Amino acid sequence: MKVYRYLAVILASLATFGCATKFAYNNIDWFIISYIEDLVPLSSAQESELESRLQDLQQWHKSTQLPLYIQQLNNIQQQKRQSITADFIQQQGNEIRTHIRTIVTEFSPDLYALSLQLSPEQDQEFLKNFKAKQQEYYDERLSLDDKEAREFYSERLRKRMERWLGDINSEQDTIIKNWANEWVNTNPDWHQYQKNTYQALSELVEKKVDLPFVQVTIMQLLLNNESYYPDTLPEKLKKNSAISAKYLMLIAQSSSENQWQYFMDELGTLKSTLIDLQK
């Protein structure tokens, strides 16, 4: 379920932005509970139990996951600018997806337990708010026509490159434009995925007395959300992954000495933050 995978992304990527992130990571239970309560208000007992489970999750994450992120950063830091390949970039993306899936897998039993504690009124509130968030995302992103979607994607790419390289040059600006033009627009597919997941959640609420069905469906939503993809989406995602790796390689190869040093400095700061978060 995308909302729960989002919570995993919070834990997997909070360390990206320095000192403020230390506060966020150390108070991750508060942030996640606040996010969940945007979807469904919890009772004091439910909130207390979830907070305890999140604290255990954070300790597990600190001891088992942060070292893996540091190891991955070490590997990236050892690469020479001109030796970066598309295969290497895809490998890094696969590792990040594995990190996220590991967190979802670890937290899934807790989310399953929480779902069973929700009252019928809470279930209906969750469905209503989940649908509203889907609509908000649709209005902001998925409803864009193809031209608007490519412009949005191009701007997002530019911001991400500037985040890691500083100011980008004209050659890199052209690479980003070509990247956005070659990108396969998946917005209609993600809209169908929204419909599929909402339908699954609605059936889940409707058949909540059927515990075997509930368990299978929740675990499917959490651990095999790809099963709710429309048939056209997996191939498009595969193509976009290859496209991204190709153009990221070109960005790296076109970077100046100053840009590459900027990138290495940012990686170093991130690694220092991760090391500090282990304490």
Side-chain angles (χ1 to χ4, degrees), residues 2 5-6 8-9 12-13 16 68-69 71-105 137 141-142 144-165 168-194 196-197 223-256 259-260 263-264 266-267 270:
K2 195 167 184 179
R5 294 183 70 81
Y6 174 77
V9 174
S13 61
T16 306
L68 297 179
Y69 306 165
Q71 180 181 341
Q72 183 174 5
L73 288 175
N74 285 334
N75 187 22
I76 296 172
Q77 286 179 309
Q78 292 169 4
Q79 303 302 309
K80 301 297 183 184
R81 178 180 47 174
Q82 296 302 324
S83 66
I84 297 290
T85 64
D87 285 343
F88 176 79
I89 291 168
Q90 285 201 302
Q91 179 187 350
Q92 302 314 304
N94 290 337
E95 285 192 34
I96 291 170
R97 284 185 284 274
T98 298
H99 296 327
I100 293 173
R101 183 173 181 81
T102 300
I103 299 171
V104 174
T105 301
Y137 186 69
R141 292 278 304 277
L142 303 185
L144 299 177
D145 64 30
D146 190 69
K147 182 174 182 294
E148 292 169 333
R150 293 182 189 282
E151 289 173 351
F152 182 93
Y153 188 64
S154 178
E155 183 58 27
R156 187 175 66 170
L157 288 172
R158 185 172 288 101
K159 288 180 179 178
R160 288 182 177 178
M161 296 307 107
E162 290 173 346
R163 160 71 181 89
W164 291 103
L165 294 175
I168 60 174
N169 57 43
S170 58
E171 180 182 359
Q172 290 162 344
D173 189 60
T174 299
I175 291 171
I176 289 171
K177 290 177 181 176
N178 292 338
W179 184 350
N181 286 334
E182 192 172 342
W183 168 72
V184 180
N185 188 348
T186 55
N187 285 356
D189 306 87
W190 286 119
H191 188 213
Q192 184 60 51
Y193 172 72
Q194 282 190 328
N196 295 345
T197 53
L223 302 178
N224 190 25
N225 67 309
E226 293 89 352
S227 64
Y228 297 97
Y229 286 177
D231 293 340
T232 52
L233 184 55
E235 185 61 29
K236 290 181 181 180
L237 293 178
K238 183 178 178 181
K239 287 181 180 179
N240 279 339
S241 178
I243 290 167
S244 294
K246 178 181 72 173
Y247 282 105
L248 276 172
M249 177 187 67
L250 294 176
I251 290 284
Q253 292 177 352
S254 67
S255 62
S256 66
Q259 286 178 319
W260 194 251
F263 175 55
M264 287 293 136
E266 290 298 303
L267 289 182
L270 174 55

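Any value given below was found using the heavy atoms of this structure, including those in side chains, with hydrogens, waters and symmetry copies removed. The shown structure was predicted, so the numbers you read here are calculated from the model rather than taken from an experiment.
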Go through the structure and list residues passing salt bridge (Lys or Arg N to Asp or Glu O under 4.0 Å) with [X], not counting sequence neighbours.
X	answer
Asp231	none
Arg150	Asp146
Glu148	none
Lys80	none

Student check: side-chain heavy atoms of [X] and [Y] closer than 4.5 Å:
X	Y	answer
Gln172	Met161	no
Asp189	Tyr229	no
Lys246	Asn178	no
Glu226	Pro234	no
Leu223	Thr105	yes
Trp164	Leu270	yes
Asn169	Ser256	no
Tyr193	Pro230	yes

We want to know whether Gln92 and Gln72 form a side-chain donor-acceptor pair, criterion being a heavy-atom distance below 3.5 angstrom.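 Checked: Gln92/Gln72 side chains pair up, N/O donor to acceptor below 3.5 Å.
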Any idea which heavy atoms bring Ala86 and Met249 closest together, and the distance? N-SD, 3.6 Å
If you compare all heavy atoms of Ser241 against all heavy atoms of Gln90, which two are closest, and at what distance to 0.1 Å?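 So the minimum-distance heavy-atom pair works out to OG-NE2, 3.0 Å.
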Show, in sequence, the C-alpha distance, side-chain angles and deciding distance for Asn225 and Thr197, and conclude whether the side-chain contact (heavy atoms from CB on, under 4.5 Å) test is met. CA-CA 8 Å; Asn225 67 309; Thr197 53; 6.0 Å; no
Salt bridge (Lys or Arg N to Asp or Glu O under 4.0 Å) for Glu162 and Arg158? Distances and angles first, verdict last. CA-CA 6 Å; Glu162 290 173 346; Arg158 185 172 288 101; 5.3 Å; no
[atom1]-[atom2] distance between [X] and [Y], expressed to the nearest 0.5 angstrom:
X	Y	atom1	atom2	value
Leu250	Gln253	CG	CD	6.0 Å
Ile243	Leu248	CD1	CG	12.0 Å
Met264	Ile76	CE	CD1	8.0 Å
Gln77	Phe263	CD	CZ	8.5 Å
Tyr69	Ile96	OH	CD1	9.5 Å
Leu157	Ile175	CG	CD1	11.5 Å

Evaluation steps, side-chain contact (heavy atoms from CB on, under 4.5 Å), between Ile176 and Ile168: CA-CA 10 Å; Ile176 289 171; Ile168 60 174; 3.7 Å; yes
Over 12 non-hydrogen atoms of neighbours within 6.0 angstrom of CD in Gln71: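 No.
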Under the side-chain contact (heavy atoms from CB on, under 4.5 Å) test, residues paired with Gln79 that sit two or more places apart: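 If we apply the side-chain contact (heavy atoms from CB on, under 4.5 Å) test to Gln79, skipping adjacent residues, the hits are Asn75, Ser83, Ile84, Phe88.
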Residues which pass side-chain contact (heavy atoms from CB on, under 4.5 Å) with Ala149, listed by chain and number, not counting sequence neighbours: Leu144, Trp183, Asn185, Asn187
side-chain contact (heavy atoms from CB on, under 4.5 Å) between Leu237 and Val184, intermediate numbers included: CA-CA 8 Å; Leu237 293 178; Val184 180; over 6 Å; no
Is a donor on one side and an acceptor on the other found under 3.5 Å between the side chain of Arg81 and the backbone of Trp260?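 Absent.
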Chi angles and distances behind the side-chain contact (heavy atoms from CB on, under 4.5 Å) call for Ser244, Trp179: CA-CA 7 Å; Ser244 294; Trp179 184 350; 3.6 Å; yes
